[in-house]
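Letters A, B, ... mirror the listed sequences (proteins, then strands); counts begin at 1. Nothing here was measured: the structure is a model prediction, and the numbers come from that model.
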Amino acid sequence: MDEKYFAEKIEEKWQGRWQESGAFRAERDDAREKFYALEMLPYPSGFLHMGHVRNYSIGDALAWYKRLRGFNVLHPIGWDSFGQPAEQAAIKRGVNPREWTEENIVHMRGQLQRLGTSYDWSREIAAHSPEYYKWDQWFFLKMLERGLAYKRLSPVNWCPTCETTLSNEQASGGVCWRCGSQVERREREQWFLRITAYAEQLLDDMREIEAGWPERVLTMQRNWIGRSEGALVDFAVKDRDSKVRVFTTRVDTIYGATAVVLAAEHPLVEEFLSEGEETPLRRDVREFVERVKATRGTSVKVAGEEEEKEGVNTGMLAVNPFSDELLPVWVGNYVLMEYGTGAVMSVPAHDERDFEFAQKYSLPVRRVIERISHEQEQIEHDPETEDQSAAMPHAFTDYGILVNSSEWSGKLSTDAIPEMAARAKAEGFGEGAVTYRLRDWGISRQRFWGAPIPVVYCDVCGTVAVPEKELPVMLPERADFTGTGDSPLAGVAEFVNTVCPSCGGAGARRETDTMDTFIDSSWYFFRYCDPRNADAPFDPETIAYWTPVDQYIGGIDHAVMHLLYTRFWTKVMRDLGLVKFNEPVRRLMTQGMVTNIIEGTNEWKRMSKSRGNGVDPDDMIRAYGSDAVRLFVLFAAPPENELRWQETGIDGAVRFLRRVYSMLYRWRDALHDAPKSAPAETSDAARALRRKTHQTIERVTEDFERMHLNTGVAALMELSNALQDFAARPDADPSAAERFAVREALEALVLMLAPYAPHIAEEMWEALGREGGMLTSGARWPVADAELARKEELEIPVQVNGKLRGRLVVGADATEEELRASALADEKVKTWIEGREVVKIIVVPGRLVNIVVR
RNA sequence: GCCGGGGUGGCGAAACGGGUAGACGCAACGGACUUAAAAUCCGUUGGCCGCAAGGCCGUGCGGGUUCGAGUCCCGCCCCCGGCACCA
């Protein structure tokens, strides 16, 4: 230990020692309690950014804490190494995506090691290695067997920049999640995973994780799944065999329906257009439908802005099954084929959209729900009026009481809804139903750098699954990146042309699309538990020990995509008998962004190279040391908050570390002969220091349990300040009891500093005379002695009428009576109660006294 | 519009079931050391009034409950995030 603190030297030393001793290696041990600390795996872009540093500092601190608490901690890392940037590099610079990716991994691995992260590198995995993606393909086959994977022609989201299709989650808001381009709609054959089959479970099982997940993530997922209860009702179409099935959440308004409106893509529309001769009416409908389809494909729709509602009357008539009334059948641009049944009953009086539509085309508005008058529990409207559009400036969408609805009139909406659904079912023209906004997960990507979908097309046998024993379907080394909109694999003849695994016939062709990379990240943390297994994705018994993940930490940007997919994947694995639980992650923490000021403005924006406000972690580590960078990042704000990058803040962290270090250096010799147990004879100062030490242990321990990492640092700073004050006392010749107290304080301080600043903590631990690194020598988190932590004296505030008027210093065990008496005897208090009548005295022992006077 | 989370000093933030608002740190100011600066150390730092003792005000705004409200209830305002014609 040098007199002065040299971060670089210490950090190199300990990073080397950790590696040699395998300090962070984790092995399954059924006798020990495990803890799985996980951070979202990085994409190997080439460079670590501050968001990574924050993410991994949080996870690393937790891993250290749990290890010191005696848990068998699994803390792994790997690479989400399939994906677009590698392919872009290949397109732009002709490099090999695999080589580019692997070079990046080498560099970033070095960066993570320089940061001093405590990963078990023996478990490192990379999504692009055949040993890994083989199991992506294996899972795909399992889903295919169970009907959970299927191919169909459907409109999909197409990103013109990335030249690939996207899932709905990845095209949320109409923009590509990667590049922000406006997505287009295209018809395409594409593989889907049936996530909708799990919609109800994905909702229900949230109960299991409610306590451990942030509210907003659960809400976002809940909204995304979009469960909606209602009814399906069939409207017979006059003079035809077909029926129109509509979905509605408001059957109670069905007597107010004045039209049926179909989506442009609705089968009945196609049927109508494809029959008979071209009439003016048919031409109008055709033109309208084509226009709608065209604008839906390419229109640049700004979120929040609704298109004007338009439609065209087809001349067909539908029968309202409740009233037998004939309603015109329209096609409307505001009805979506993807939701519900692609057809709605239009109830202008009670639905905003239908109201707007009816206004434009002068459809009748018939009121069938009235507000309940609270004074008289009666309706307040003349129920006989037919067209009340003049009386209704907008739709009335609340529940109420039914009017104009035949025998249902007079019922409450809440009663009518289930009763009418039951009637529909009984009479065979409908039923109660639940629909979801969630769509199946489109996983086909027209990209090279991903896991090939293990399917072969044979002219004789059709679509054939690649047999398990032929996995992995290897990605070729090279392809032409011409950007034709098709997968580059389609141009690799050796890849495409194959024999049919079923009939052995030549001339079969492989699927050339690759899988969405979100598949890789849906189950990677199971693979960490058993990363070299060649016979299975993992051994179910091994993961039964390690999983579920105890604490997961990552960015909020994956609230819906990754975190929904991985929940789905886990449920599928459960149904395959591979895991025994429903939810993969017990506790989730979404860390806040790291922002930096945009030069010349006062705007704080997420750090990014393109914005020019990025900060290179390597520069920071070189300038301040990794310990200081980590400490600052954890101290500057609570983990969930935005972190505004201010370099003066790191100066503070460096100052603190230096103070602790030099304090220990100064005391070192005096501590060598400090007693091993607390001497009986002690002093006030020693007692006070020990009290502070044990209070700090209580606080920091609690802070780690709640992941309040910033206040944990504050508590350590307070202890350090107390030590500083202790050493500055005029009496500078410490007794045995005092040396003991200092040693105890320093040991506790150093141990509790380890999660934040592990290198310097190890160095100081060694300077305190401990052999070997903390973890390999079995060092343990300090234990607070509640008795020692207890205050002997308390300062009790005294209020008069709720305002602070004085303070009492009393023994910690002062009784209510004693507190009351000393409060009334206090000189300052006296001046406030003199000449007034004391009405009441509230005494909260150990807390305060409040005297109420009149 | 709907849903979720928030508004506390110059700044980042503390305050776990209502009980001393602003811990800890950054910045700033004053002082010590120094030829000087940096570093370090000591001190001050919510606002207003006051020589001081001390007082008054203060957690987005307006009400309420309570001996006592940053914390609970009602009504607003503003900010951040998510969703987007979902029938």
Any [X] side-chain N or O less than 4.0 Å from OP1/OP2 of [N]:
| X | N | value |
| --- | --- | --- |
| A:Thr219 | B:G5 | no |
| A:Ser172 | B:C83 | yes |
| A:Arg655 | B:A27 | yes |

Side chain of [X] - closest among [options]:
| X | options | result |
| --- | --- | --- |
| A:Lys309 | B:C85, B:A87, B:C83 | B:C85 |
| A:Asn333 | B:C67, B:C85, B:A87 | B:C85 |
| A:Ala714 | B:A87, B:G54, B:A23 | B:A23 |
| A:Trp224 | B:C83, B:A87, B:C67 | B:C83 |
| A:Met717 | B:G25, B:C85, B:C67 | B:G25 |
| A:Glu795 | B:A87, B:U20, B:A84 | B:U20 |
| A:Leu336 | B:A23, B:C67, B:C86 | B:C86 |
| A:Gln799 | B:A87, B:C26, B:G19 | B:G19 |

Say you pick atom [atom1] in [N] and the same atom in [M]; how far apart are they, in whole Å?
| N | M | atom1 | answer |
| --- | --- | --- | --- |
| B:U45 | B:G22 | P | 12 Å |
| B:G54 | B:G68 | C1' | 23 Å |
| B:A84 | B:C3 | C1' | 12 Å |
| B:A23 | B:A14 | P | 13 Å |
| B:C57 | B:C42 | P | 36 Å |
| B:G58 | B:A21 | P | 12 Å |
| B:G18 | B:C67 | C1' | 12 Å |
| B:G63 | B:A69 | C1' | 14 Å |

Using a cut-off of 4.0 Å on non-hydrogen atoms, how would the nucleic acid contact of [X] be classed: base, sugar-phosphate, or nothing?
| X | value |
| --- | --- |
| A:Asn721 | sugar-phosphate |
| A:Glu352 | nothing |
| A:Val335 | base |
| A:Glu215 | sugar-phosphate |
| A:Gly226 | nothing |
| A:Arg847 | sugar-phosphate |
| A:Arg659 | sugar-phosphate |

Return yes if some donor-acceptor pair links the side-chain N/O of [X] with the main-chain N/O of [Y] below 3.5 Å, else return no.
| X | Y | result |
| --- | --- | --- |
| A:Thr397 | A:His350 | no |
| A:Asn320 | A:Ile254 | yes |
| A:Thr253 | A:Gly256 | no |
| A:Gln221 | A:Leu218 | no |
| A:Asn333 | A:Val292 | no |
| A:Asn710 | A:Ala636 | no |

Which class fits the ring pair A:Phe247 and A:Tyr339: parallel under 30°, tilted 30 to 60°, perpendicular over 60°? perpendicular
On the 0 to 90° scale, with breaks at 30° and 60°, tag the A:Phe322-A:Phe429 ring pair as parallel, tilted or perpendicular. perpendicular
Atom [atom1] of [X] to atom [atom2] of [N]: distance rounded to whole Å?
| X | N | atom1 | atom2 | value |
| --- | --- | --- | --- | --- |
| A:Met220 | B:G5 | CE | C1' | 12 Å |
| A:His394 | B:G1 | NE2 | P | 14 Å |
| A:Phe235 | B:A87 | CZ | P | 16 Å |
| A:Lys4 | B:U40 | NZ | P | 10 Å |
| A:Arg227 | B:C3 | CZ | P | 18 Å |
| A:Asn223 | B:G81 | CG | P | 17 Å |
| A:Tyr339 | B:A84 | OH | P | 14 Å |
| A:Ile650 | B:A27 | CD1 | P | 12 Å |

In B:G4, glycosidic geometry as syn within 90° of 0 or anti otherwise: anti
Between [Y] and [X], is the closest basic N to carboxylate O distance under 4.0 Å?
| X | Y | result |
| --- | --- | --- |
| A:Lys692 | A:Glu718 | yes |
| A:Glu702 | A:Arg699 | no |
| A:Arg227 | A:Glu229 | yes |
| A:Glu356 | A:Arg353 | no |

Please write out the pairs of protein N or O atoms and N or O atoms of nucleotides 55-57 of chain B separated by less than 3.5 Å, giving the distance to one decimal.
unit_1: B:C56; atom_1: OP1; unit_2: A:Arg805; atom_2: NH2; d: 3.2
unit_1: B:C56; atom_1: OP2; unit_2: A:Arg805; atom_2: NH1; d: 3.0
unit_1: B:C57; atom_1: OP2; unit_2: A:Lys803; atom_2: NZ; d: 3.3

Test: A:Arg245 cationic atom under 6.0 Å from A:Phe235 six-membered ring centre, within 45° of axis: no
For [N], which nucleotide in any strand shown is its Watson-Crick or wobble partner with both distances under 3.5 Å?
| N | answer |
| --- | --- |
| B:G17 | none |
| B:U40 | B:A32 |
| B:C56 | B:G47 |
| B:C11 | B:G25 |
| B:C2 | B:G82 |

Taking the nucleotide of RNA chain B with the closest heavy atom to each, which residue, A:Ile851 or A:Ser228, is nearer the 5' end? A:Ile851
Closer to the 5' end of RNA chain B via nearest nucleotide, is it A:Asp725 or A:Lys840? A:Asp725
Pairs meeting criterion side-chain hydrogen bond (donor to acceptor under 3.5 Å, both in side chains) with involvement of residues 556-565 of chain A, two or more places apart: A:Ser167-A:Tyr565, A:Glu169-A:Tyr565, A:Tyr552-A:His562
Using a 4.0 Å heavy-atom cut-off, write out nucleotides 7-16 of chain B from 5' to 3' as B (base contacted by protein), S (sugar-phosphate only) or - (no contact). -----BSS-B
